[in-house]
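Okay, structure first, notes after.
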Amino acid sequence: MAERLTAREAIARVASAFAELPAPDGTSAPDGPIAWQGYDEQHARAALRTGENESVACGTGTVGETEVVLISFEFGFLGGSLGEHTGDRLEAAYTHARERRLPVVSLIATGGSRMQEGMRALVQLQRVARQSTLTRAAGLPQIAVVRDPSTGGGWATLGAGADVVMALPGAQIGFAGSRVRPADADPAAYTAEAQLAAGHVDAVVRQEELREKLGRWLTVLTAPSDAPARPPRALGRAELPATGWEAVQNARSADRPRAAAYLDAYFETRETISGDRCGGVDPGMLCGFGLREGRAIAYAAQCGTATLPAGYRTAARLIRLAGRLGVPVLTLIDTPGAANDAAAEHAGAGPAIADAFAAVAAARVPVTTLVIGEGGSGGALALASPGNTWATPDSYFSVIAPELAAAILKRGPDQARATAEQLRLRPQDLVDLGIARGIVPTD
């Protein structure tokens with residue numbers, strides 16, 4: 001089980017300064033809006049026990065070098081539940097963030113909506129969702145730190161609805177709380193680690209590393225730029241291939257530098273997002289934000305494997321987030337093609353690729369693409385920038401792999417080499433055809 005901190009302790013662990021926002025004025029009817037017998041006494045006992053008069057503390061603070069609005073839940077106050085006055089405080093905090101142009105950091109520990117206030121409590125989730133949506137539309141980042149436990153509507157709004165979601169190790173996370181799950185439910189399925197594996201959380205971060213991690217994330221999410229990302233220099237061979245088949249062999253070489261090497265060489269620091277928020281993770285797609293020469297650039301990079309539907313959805317999520325925050329995007333293409341087995345089709349390969357195409361087409365920020373290895377058909381093109389795609393000397397880009405093209409044309413396997421030449425897939429061919437703007441140098 002993750003360490004359970006009070007709302008104030010959670011703030012102190014990540015922020016160097018904190019100034020609480022004034023609580024909005026509000027009065028309550030006796031025993032609350034639905035006259036739940038004994039509710040006033042429960043509320044008073046919770047206040048006496050925790051020193052808080054509501055389940056959430058909101059204010060401004062400094063995390064790293066960035067001023068933020070902090071929202072921190074007090075689980076000891078009626079299970080960190082959301083009631084009407086909780087909604088008042090959350091709405092005021094989000095409004096303050098938009099007025100001051102500040103990011104929002106939520107430190108969540110909640111059991112959901114407050115039963116003692118009935119439907120008047122449940123509809124606070126709509127208020128929270130609206131405030132989050134308005135803040136997103138204003139181009140301000142939202143980061144959630146999911147503590148133990150985080151269930152119900154608090155997880156499904158402030159938590160899962162954030163741009164970046166980090167969780168503490170062992171935290172219980174899920175829409176269903178421990179007392180309302182099926183009797184045979186596996187508790188391990190509701191942990192931070194399980195949510196990470198399912199693509200619903202970007203990272204599991206230890207408490208002692210959280211302050212530094214949050215500081216880095218806030219730095220890269222609050223450095224917008226209008227200028228396109230420059231393509232990285234080539235890290236592999238400098239010589240251009242003489243034939244199409246040589247280009248294919250160069251791109252498939254086990255010795256060729258892969259996406260991780262390009263990202264490490266390009267960025268001074270970078271942070272990753274993970275998962276498609278639909279139950280899937282693709283380890284062959286690296287996505288995140290990094291700093292290069294002091295400015296933020298978002299990246300989506302294929303790693304040389306067949307890209308899964310979850311990879312395309314994660315890349316689309318990244319591109320749309322970058323667009324909202326005004327951060328240019330760099331994509332690295334390296335895939336033999338989209339995964340096309342039965343599992344991939346069942347997971348929605350076609351819709352996921354369509355989503356990636358749409359995200360690039362509608363991007364509100366410049367997208368720069370570098371082909372660093374194999375460019376296999378539409379599975380690669382889905383991440384390519386129209387008009388700003390570059391290539392390395394040891395790459396190729398083709399309408400389809402030459403072996404598959406030969407098979408479709410009813411040619412024998414021995415015709416793959418000749419077919420590669422006909423496809424004009426070499427990097428210099430891509431420039432001649434107007435597909436690539438140029439071939440990047442090695443220095």
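Listed by chain and number, the residues in a salt bridge (Lys or Arg N to Asp or Glu O under 4.0 Å) with Arg8 are Glu20, Glu52 (sequence neighbours excluded). The salt bridge (Lys or Arg N to Asp or Glu O under 4.0 Å) search around Arg424 returns Asp429, Asp432, not counting sequence neighbours. Qualifying salt bridge (Lys or Arg N to Asp or Glu O under 4.0 Å) partners for Glu374, counting only residues two or more places apart in sequence or in other chains: Arg252. Looking at residues two or more places apart in sequence or on another chain, you find no salt bridge (Lys or Arg N to Asp or Glu O under 4.0 Å) involving Glu99. Residues passing the side chain to side chain donor-acceptor pair (under 3.5 Å) test with Ser81 are Arg114, sequence neighbours excluded.
Of the possible donor and acceptor atoms, one in the side chain of Ser225 sits under 3.5 Å from a partner among the backbone N and O of Ala227. Of the possible polar contacts, one joining the Thr335 side chain to the Gly337 backbone as a donor-acceptor pair under 3.5 Å is found. Thr369 places a side-chain N or O within donor-acceptor distance of the main-chain N or O of Ser385, the cut-off being under 3.5 Å. With hydrogens and angles ignored, the 3.5 Å screen pairs a side-chain donor or acceptor of Thr331 with a backbone N or O of Leu383. Within the 3.5 Å criterion, the main-chain N or O of Pro393 finds no donor-acceptor partner in the side chain of Arg426. When atom types are taken as modelled, the side chain of Glu74 and the backbone of Gly80 share no donor-acceptor pair closer than 3.5 angstrom.
In this structure, the separation between CG on Leu158 and OG on Ser132 is 7.0 Å, given to the nearest 0.5 Å. A distance of 9.5 Å separates CD1 in Ile372 from CD1 in Ile333, rounded to the nearest 0.5 Å. Distance check: Leu140 CG to Tyr94 OH gives 11.0 Å after rounding to the nearest 0.5 Å. Residue Arg258 holds its CZ atom at 13.0 Å from CG of Leu332, rounded to the nearest 0.5 Å.
Stacking of Arg4 on the aromatic ring of Phe75 is recorded, both the 6.0 Å distance cut-off and the 45° axial limit being met.
More than 12 non-hydrogen atoms from other residues, nucleotides or ligands lie less than 6.0 angstrom from CD of Glu268. Atom CG of Asp226 is surrounded by 12 or fewer heavy atoms from other residues, nucleotides or ligands within 6.0 Å. Within 6.0 Å of the CZ atom in Arg417, the count of heavy atoms belonging to other residues, nucleotides or ligands does not exceed 12.
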Side-chain donor-acceptor pairs under 3.5 Å in residues 239-250, sequence neighbours left out?
unit_1	atom_1	unit_2	atom_2	d
Thr243	OG1	Glu246	N	3.0
Glu246	OE1	Ala242	N	2.9
Asn250	ND2	Glu246	O	3.4

With a cut-off of 3.5 Å and sequence neighbours excluded, list every side-chain donor-acceptor pair involving residues 121-131.
unit_1	atom_1	unit_2	atom_2	d
Gln124	OE1	Arg127	NH1	2.8
Gln124	NE2	Arg120	O	2.8
Arg127	NH1	Asp88	OD1	2.9
Arg127	NH2	Asp88	OD1	3.1
Arg127	NH2	Glu91	OE1	2.7
Gln131	OE1	Arg98	NH1	3.0
Gln131	OE1	Arg98	NH2	2.9
Gln131	NE2	Glu91	OE2	3.4

All N/O donor-acceptor pairs, side-chain side in residues 339-362, below 3.5 Å, sequence neighbours left out:
unit_1	atom_1	unit_2	atom_2	d
Asp341	OD1	Ala344	N	2.8
Asp355	OD1	Arg320	NH1	3.0
Asp355	OD1	Arg320	NH2	2.7
Asp355	OD2	Arg320	NH1	3.3

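In summary, the side chains of Thr307 and Gln302 do present a donor paired with an acceptor at a separation below 3.5 Å, with no hydrogens or angles considered. Looking only at atom types and distance, the side chain of Tyr299 has a donor-acceptor partner in the side chain of Arg270 under 3.5 Å away.
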Under the side-chain contact (heavy atoms from CB on, under 4.5 Å) criterion, do Thr60 and Leu70 qualify, and how do the steps go?
CA-CA 6 Å; Thr60 57; Leu70 282 160; over 6 Å; no
side-chain contact (heavy atoms from CB on, under 4.5 Å) between Ile297 and Val329: does it pass, once the steps are laid out?
CA-CA 6 Å; Ile297 296 171; Val329 176; over 6 Å; no
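Between Glu208 and Arg13 there is no salt bridge, since none of the side-chain N atoms of the basic residue sits less than 4.0 Å from a carboxylate O of the acidic one.
Screening residues 289-304 for salt bridge (Lys or Arg N to Asp or Glu O under 4.0 Å) gives Arg230-Glu293 as the qualifying pairs, with residues at least two apart or on separate chains. Each salt bridge (Lys or Arg N to Asp or Glu O under 4.0 Å) pair with one or both residues in residues 362-373, not counting sequence neighbours, would appear here, but there are none. Residue pairs meeting the salt bridge (Lys or Arg N to Asp or Glu O under 4.0 Å) criterion with at least one partner in residues 271-284, sequence neighbours excluded, are Asp202-Arg277, Lys213-Glu271, Arg216-Glu271, Asp276-Arg313. Each side chain to side chain donor-acceptor pair (under 3.5 Å) pair with one or both residues in residues 434-443, not counting sequence neighbours, appears once here: Asn388-Arg437.
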